[in-house]
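Structure first, commentary second.
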Amino acid sequence: MGLPGRLPLLLLLLGLASPAVAVAAEASEGDADPLYKACVEECQQTGSLKDTSIKHCLVPADGKPAAKSWYTHEPLYLQWKEWNCKSECGYHCMMERENERTELGLPPVKYHGKWPLKRASVFQEPLSAALSALALVVQFNGWLSFFLLLYYKLPLWLETHKTYYEFTGLWHIYGLLAMNSWFWSAIYHSCDTIWTEKLHFSSAAAFLGYSFILAILRTSNLRDEASRVMVAAPILAFVTTHILYLNFYQLDKGLNMKVCTVISIVQFLLWALWAVMTRHPSRLKIIFVAIGGVLSVFLEAYDIPPRWGYVDGRAIYLAVAIPISYLWWSFAKEDAEMRTSAITKKTR
């Protein structure tokens, strides 16, 4: 089946992609609720919420809330979370208001730009943190198996002991950036502070930007360094500017979502089109990854409200990313085997 026969598939990808790009960020409603505000204020003054005592609120004898944060008295492994009286009262009041809304049959609303999710021990978003950690393990396993395949199973150049596969170094960098991105994703979902948020957004943007570069270089089959630099330079400049903007000017989550969404969708479409046109042996895997990738971006962009207190659109996106990561490294290994086999046949 040629390209015309595959057009419905590509149109499906475009159909999924278009609404995801057009999604706009929703404003918070929960933190504007007068009942929520009154609850937080009372909690900070009394150090308790109904029958729950907020240990982070140090209330002295005169009844005024203490200015010093409780987390400075906790062990070092908990201090980094920077939980204090205001944040703890906000969390408990948020959950209290959501329980009341559920009893009234009302849907959940956002508080300070985020969905209300239940904690588990020291983890703020336990499911997303666990899925990010699992994705990190999958990425490490994929990169390690790719490394072992190239250097211990496939033939090497006798003179230099380098691999025949021309994109080896690019995939190594891809693996390192992927693991870095998933590491900070796990940290961010364990504890949401301004620093973990910036590191999470920055590492994700760097990873997606480089993934786009890899997509262009591999699908264009660019092997000389000059051409690679010409392609990579403007993308690196844009991604670097974007990261600097987020870290030192404004942490604009809406802008970051749009940039990452566009980069993700364009590269998925590029890979799918290349797989169809070249009839790559792994084209079914590539197409499956492209469809799954666009679907996961769609789910994250639409910001699905939480279910059961732990599952939201982000958690579903992370769950989809795990099998996609496994399949993607499987494609990378098959591509290396195919190219190595083709080059060794020419050199005989």
Side-chain angles (χ1 to χ4, degrees), residues 71 74-83 87 91 110 112-147 171-211 239 242-243 246-247 251 253 256-257 259-261 263-264 289 292-293 295-297 299-301 303-304 306-329:
Y71 71 84
E74 292 186 334
L76 287 174
Y77 72 93
L78 290 179
Q79 287 187 26
W80 69 286
K81 302 184 81 66
E82 297 185 4
W83 287 349
S87 65
Y91 169 75
K110 287 187 175 183
H112 304 287
K114 297 179 181 179
W115 290 115
L117 296 172
K118 295 180 181 179
R119 293 177 182 169
S121 183
V122 297
F123 299 98
Q124 285 187 260
E125 299 177 15
L127 182 59
S128 293
L131 291 173
S132 296
L134 183 56
L136 172 60
V137 172
V138 171
Q139 287 286 350
F140 175 75
N141 179 72
W143 170 78
L144 183 61
S145 61
F146 177 78
F147 177 87
W171 279 105
H172 284 326
I173 298 174
Y174 172 90
L176 294 175
L177 289 175
M179 288 184 282
N180 178 68
S181 177
W182 287 115
F183 171 80
W184 287 114
S185 176
I187 296 297
Y188 167 70
H189 290 297
S190 299
C191 174
D192 179 6
T193 67
I194 186 63
W195 297 109
T196 58
E197 191 170 38
K198 285 183 176 182
L199 287 166
H200 169 53
F201 286 172
S202 299
S203 60
F207 169 57
L208 290 175
Y210 181 80
S211 300
V239 173
H242 176 66
I243 293 174
L246 294 177
N247 283 274
L251 189 59
K253 300 177 185 178
N256 186 64
M257 172 64 75
V259 170
C260 292
T261 298
I263 293 176
S264 298
V289 168
L295 178 62
S296 65
V297 172
L299 290 171
E300 185 178 24
D303 209 10
I304 299 175
R307 297 288 186 274
W308 310 294
Y310 297 100
V311 182
D312 63 347
R314 178 66 180 176
I316 298 173
Y317 159 78
L318 294 171
V320 174
I322 293 172
I324 287 178
S325 299
Y326 177 82
L327 286 175
W328 198 237
W329 279 109

What is the distance from atom [atom1] of [X] to atom [atom2] of [Y], rounded to the nearest 0.5 Å?
| X | Y | atom1 | atom2 | answer |
| --- | --- | --- | --- | --- |
| Ser264 | Met257 | OG | CE | 9.5 Å |
| Glu197 | Trp184 | CD | CH2 | 13.5 Å |
| Leu136 | Asn141 | CG | CG | 11.0 Å |
| Tyr210 | Ile263 | OH | CD1 | 14.5 Å |
| Ile173 | Ser211 | CD1 | OG | 11.5 Å |
| Leu134 | Gln139 | CG | CD | 11.0 Å |

Please find the pair of heavy atoms, one from [X] and one from [Y], that lie closest to each other, and give the distance.
| X | Y | answer |
| --- | --- | --- |
| Pro306 | Pro116 | CG-O, 3.8 Å |
| Ser128 | Leu318 | O-CD1, 3.4 Å |
| Val239 | Ala206 | CG1-CA, 4.0 Å |
| Lys198 | Asn247 | NZ-O, 3.0 Å |
| Gly292 | Ile324 | C-CD1, 3.3 Å |
| Ala205 | Cys260 | CA-SG, 4.4 Å |

- Query: With a 4.5 Å heavy-atom cut-off, do His242 and Asn256 have their side chains touching?
  - Reply: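 They are in contact (side-chain heavy atoms under 4.5 Å apart), so the answer is yes.
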- Task: Side-chain contact test, heavy atoms from C-beta onward, threshold under 4.5 Å: evaluate it for Val320 versus Leu295 and give yes or no.
- Result: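 No; the side chains remain at least 4.5 Å from each other.
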Verify, without hydrogens or angle tests, whether [X] (side chain) and [Y] (backbone) share a donor-acceptor contact under 3.5 angstrom.
| X | Y | answer |
| --- | --- | --- |
| Thr196 | Cys191 | yes |
| Ser296 | Gly293 | yes |
| Lys118 | Tyr310 | no |
| Ser181 | Leu177 | no |

- Message: Does Tyr326 have more than 12 heavy atoms from other residues, nucleotides or ligands lying within 6.0 Å of its OH?
- Response: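 It does not: Tyr326 OH has 12 such atoms or fewer within range.
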Parallel, tilted or perpendicular, as decided by the 30° and 60° cut-offs, for the rings of [Y] and [X]:
| X | Y | result |
| --- | --- | --- |
| Phe146 | His172 | perpendicular |
| Trp171 | Trp329 | tilted |
| Trp143 | Phe140 | tilted |

- Kindly indicate, with the supporting measurements, whether the criterion side-chain contact (heavy atoms from CB on, under 4.5 Å) is fulfilled by Asp312 and Ile304. CA-CA 6 Å; Asp312 63 347; Ile304 299 175; 5.9 Å; no
- Message: Quick one, Ser185 with Arg314, criterion side-chain contact (heavy atoms from CB on, under 4.5 Å). Give me CA distance, side-chain angles, the key distance, then yes/no.
- Response: CA-CA 11 Å; Ser185 176; Arg314 178 66 180 176; 3.7 Å; yes
